[in-house]
Amino acid sequence: MAEQPVLIDDNKSFQVDEIKEILDKRSENGKLFYLVVLKETQDECSESWLLASKIKGDITSLTGIGRSGSISTTSSLSINKDDDNNAKKRKRSTKGNKKNHGAICVRRKSRASGRSNSAAPSTSSTTVNENPMLEGALEEVGAHRIREAFLERLDAILGPRVTLVNDIDNSSPSLNFRFIDACVLGKGVTKASEDSMYGCNCKPDNGRRMGCEYTTCECLDQMIQKRFPYIATGDRAGTLRDSHLRTRDAIFECNRFCNCGDNCKNKLVQWGRKVPLEIFKTSNRGWGLRCPMDLRKGEFIDIYKGEIITNSEANRRERLKRQTKAKDTYLYTMEKFAEDNGIPQNKLYIVDGEFFGGPTRFMNHSCNPNCRQFSVSYHHGDMYIYDLAFFAIDYIPAGTELTFNYTDNDHIEKKKGKGKGRERKKSKNAPECLCGSENCRGYIWM
Ligand SMILES: C[S@@+](CC[C@H](N)C(=O)[O-])C[C@H]1O[C@@H](n2cnc3c(N)ncnc32)[C@H](O)[C@@H]1O
């Protein structure tokens, strides 16, 4: 499983010489934190958020910023001209004022703490608060470094380009988040065994290089409406059919055990994202996602990736969030097949996109969404793990924010169907919805 970020340990002090550089700073609950790169040790610590008062020594020696606040051109933190030119080449905008947003103070757990907690106390502990000029310069350099580090991560994502745009302020998404190509399994999470997987016996390419046959395909038999879910020819080839878009029906794609071959028209989501995406700063809901080109109705966008965790681990993470008053949530429960198969809530798996995920973890909720999530399974016997795939439910012009309804599921629909009074009451702490649509219900979830 991927390394687990843990809450910052407020009691641990760090000497300035244990720190390689400072990348960013944030304020959380009235406390100042720095995002630092710890020097390589056998602990393998990398970037960590540290409480400012726990950094002992002259912090200005770390930043390459003199006490006057000017930026030294020789320091490791100085703005490198090449970096700047590269950034311009990429045409990623970062203008605006200098607010900090969305701080979650976590740091990567050090594997074996060879570091002593009782390191000699330092004589001085300079916090940037004491020097406003230094604070401004540090913020600028820190913001630049974080942006560059984040852009590097974007460049490494497989598939069409994912870009970053911020026309609101100089912040970048948190470096505590890492992009992954596929979901990672958390502790206690198991996939159904390969032995229980089977495929259809349709003829390869079926004469027209299109794969499966309607009458014989065992994968197609799994669908509620027995129809190939994707349009095979014409302007909308490779998009989800309207008849499917109107439902919440799961999609059972052919898999690698099938006989039908790679051209099968019942394989789409498994080939991955085919559209470029842009992560952008919204004016009121943190980061959002959009596509720089027009999307056809039924276009597949991407799946929701993250760590697949158990229900008890998700509860633990939610408790931590409440304690730290962190706002953004990235938990997505895989409950599509639960009711029909009698799977209790506490046995369900949850995808957490907070620390590891893909671009769709930036998709916001809207009460008038333009995308919908469909459950896509390749393993007809696994009722716990499947893909959460997003499709455009209408034509979406380039540059429009991509949104979905966070509570769009069978469970809620059934409750509504049982008449007035059966619908769950909105809780006092329901997060306020800022989607701005005419039919906004006022909350993101109940
Ligand atoms: C999966 S994240 C979406 C990406 C997030 N905006 C970010 O900056 O990383 C979900 C969080 O975004 C915010 N959010 C999403 N949709 C929203 C909406 N319609 N109104 C207000 N906040 C929203 C909430 O804080 C929510 O917990």
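Numbers for residues simply follow the sequence, beginning at 1. Given the structure is predicted, the values throughout are model-derived calculations rather than measurements. Just so you know, ligand 1 is whichever comes first in the structure, and atom 1 is the first atom listed for that ligand.
A cation-pi arrangement, defined by a distance under 6.0 Å to the six-membered ring centre and an angle within 45 degrees of its axis, is absent between R372 and F390. Remark: R153 fails to qualify as a cation-pi partner of F179 under the 6.0 Å distance and 45° angle criteria applied to the six-membered ring.
For the salt bridge (Lys or Arg N to Asp or Glu O under 4.0 Å) test, no residue two or more places apart in sequence or in another chain qualifies with E432.
No more than 12 heavy atoms of other residues, nucleotides or ligands sit less than 6.0 Å from atom NZ of K347. Within a 6.0 Å sphere centred on NZ of K191, other residues, nucleotides and ligands contribute 12 heavy atoms or fewer.
Ligand 1 lies under 4.0 Å from heavy atoms of R285, G286, W287, K327, D328, T329, Y330, R361, F362, M363, N364, H365, Y406, E432, C433, L434, C435, I444, W445.
Atom CG of N311 and atom CD of E335 lie 11.0 Å apart (nearest 0.5 Å).
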